[in-house]
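What's counted below: heavy atoms across the whole structure, side chains too, no hydrogens, waters or symmetry copies. For ligands, and for the atoms within them, numbers begin at 1 and follow the listed sequence. Here, residue 1 is the first one in the sequence, and each next residue gets the next number. Since the model is a prediction, treat every value here as computed from it, not as a measurement.
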Amino acid sequence: MLSQRLNNLHPYVPGEQPKDRVYIKLNANENPYPPAPQVAEALVDAVKAKSEKLALYPDPDANELRKEIANMLNATGGVLCRSQSQGGKCSPCEKDKIPFEVTPDMIFCGNGSDEVLSFVFYTFFESDRPLILPEHTYSFYPVYCGFYKIPMQTVPLKEDWTLDTEKMLSLAEKNQSSIIFANPNAPTGLSLSRQQVAEMLRQAPKDKVFVVDEAYCDFGGESCIPLIKDFPNLVIVRTFSKSLSFAGMRLGYIVSNPDLIQSVFTVKNSFNHFPVDFLAQTAGIASCKNADYYAGTAKKVVEERQSLTDFLKSKGWFVIDSLTNFVFAKKEGLSGQEIYQAVKKEGILIRHFATAGIEDFVRITIGNHEQTEALKKILGEL
Ligand SMILES: *Cc1c(COP(=O)(O)O)cnc(C)c1O
């Protein structure tokens, strides 16, 4: 009764969401702060004053939302934690300024960046050659390779946990392949500079799409959006889930040149015409209009990240200096599983990966101040 296709599926296993007890959740890189108050107001208004809209199909192409995303990127440079806010308006810091105007035709929106990534895999990657990706990166990429029967070639990270860009490039050249990675990468939290990505793009196959997943960029990486005009094969995927406190609503987007965006629309319109519902569009628009609030929460996350990193280092931990909303850390003499269990016993969930090579580490999402202090107390005693 089951299709052959089903044999290729290896579903993603998310961070646990237990029901047995109320835990502090620092295991799924969610934002500890609620959305801007204006987002809740917009939703209440949508449900009460505009409830007749719920009976109608939403704008299939999310045009107003795409316009507001473009505005937000122009105003923040795609890095919230460094953008300055004054009188409710954001402006990018000098090094994040995008040297052209991001326009709505450079944006595609979907129902979370996981769905957007699925469209990207379908639109751009072939089954006759391997996709090149790091061995340790976002674990949904291999899942989609299985789903779409795209072969993959994984490249181990270097000793210092950075991407082996030379090896990735030589494989891409040899196979005339696409490349995908997260920047900053997960679960390490390390980032390539825009300069380094530009260097990769200069050497990578020009007629194959090159995907950079910027899920965590707002917490301190360098966005590659400024490279889009120079590299027409660059596709950048971003999400509202982390820096915009939106994981429960689902919204992700692509930034790329309008031709590639059009191709993704073709796939979307052949699969699910209306991926972003009316409420998500409404809340997304309100989020973008209040980017200054999220610049504030991103700065707070960066502060807590620094404080947790310093604390763990002072207690003899090995901590990778992160540019994300999580840290990847280990302590000699303890396995990742032991750390995870000890912390869980005290009511806090963190993430441990049983994957060879990173099994000694735990990945800890940065919470608010109170959560960070509670965690320090537990980890300090291990
Ligand atoms: C969280 C995450 C995503 C998924 O984001 P959603 O928009 O919630 O689907 C994509 N890529 C990376 C690297 C992530 O960490």
Side-chain angles (χ1 to χ4, degrees), residues 11-17 25-32 35 62 65 69 72 78 80 107-122 131 133-145 147 154 157 161 163 179-192 197 210-221 223-224 235-255 264 268 272 275-277 280-281 283-284 287-288 294 298 301 305 320 322-328 350-351 353 355 358 363-366:
Y12 180 77
V13 184
E16 62 189 318
Q17 323 265 353
K25 271 190 94 262
L26 302 178
N27 67 338
N29 296 345
E30 292 145 320
N31 200 306
L65 174 59
I69 291 173
M72 173 179 68
L80 279 167
I107 309 285
F108 172 89
C109 293
N111 187 20
S113 72
D114 285 342
E115 184 194 72
V116 164
L117 282 163
S118 162
F119 290 149
V120 165
F121 274 60
Y122 190 93
L131 171 67
L133 66 162
E135 179 185 4
H136 300 297
T137 188
Y138 186 41
S139 41
F140 229 111
Y141 308 148
V143 173
Y144 284 142
C145 282
F147 191 88
T154 58
L157 299 179
W161 303 100
L163 302 194
I179 290 177
I180 188 170
F181 57 91
N183 197 49
N185 196 22
T188 61
L190 288 170
S191 190
L192 297 175
V197 178
F210 186 112
V211 181
V212 180
D213 182 341
E214 294 191 343
Y216 299 106
C217 196
D218 278 319
F219 300 107
S223 176
C224 289
V235 166
I236 295 173
V237 177
R238 299 179 58 111
T239 178
F240 277 52
S241 292
K242 279 67 191 238
S243 53
L244 296 177
S245 301
F246 216 86
M249 287 286 294
R250 315 302 301 134
L251 208 45
Y253 59 99
I254 300 173
V255 192
V264 182
K268 187 263 290 181
N272 177 6
V276 185
D277 66 65
Q281 291 190 35
S287 307
C288 295
Y294 299 98
V301 167
R305 178 181 76 207
I320 300 181
S322 167
L323 287 173
T324 65
N325 68 339
F326 59 84
V327 293
F328 204 47
I350 57 176
R351 191 89 196 258
F353 299 93
T355 317
I358 54 171
R363 190 196 69 189
I364 306 168
T365 303
I366 304 301

Hey, is the main chain of V276 close enough, under 3.5 Å, to the side chain of N111 for a donor-acceptor pair?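 Not confirmed, N111 side chain does not pair with V276 backbone.
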Could you tell me whether the side chain of N185 and the main chain of H136 form a donor-acceptor pair under 3.5 Å?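 Yes; judged by distance alone, with no hydrogens or angles, the pair exists.
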Thinking salt bridges, do R250 and D277 make one under a 4.0 Å N-O criterion?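 Salt bridge: no.
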Which word best sums up how the rings of F140 and Y138 line up, parallel for under 30°, tilted for 30 to 60°, or perpendicular for over 60°?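 The rings of F140 and Y138 sit tilted, inter-plane angle from 30° to 60°.
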Assess, by modelled atom type and distance only, whether the side chains of Y141 and D213 contain a donor and an acceptor separated by less than 3.5 Å.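 Distance-only check passes for Y141 and D213.
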May I ask you to check whether F219 and Y216 place their ring centres under 6.0 Å from each other?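 Distance test on ring centres: not under 6.0 Å, no.
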Heavy-atom cut-off of under 4.0 Å around ligand 1: list whichever protein residues fall inside it, by chain and number.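 Its neighbours under 4.0 Å (heavy atoms only) are G112, S113, D114, Y138, A182, D213, A215, Y216, T239, S241, K242, R250, given by chain and number.
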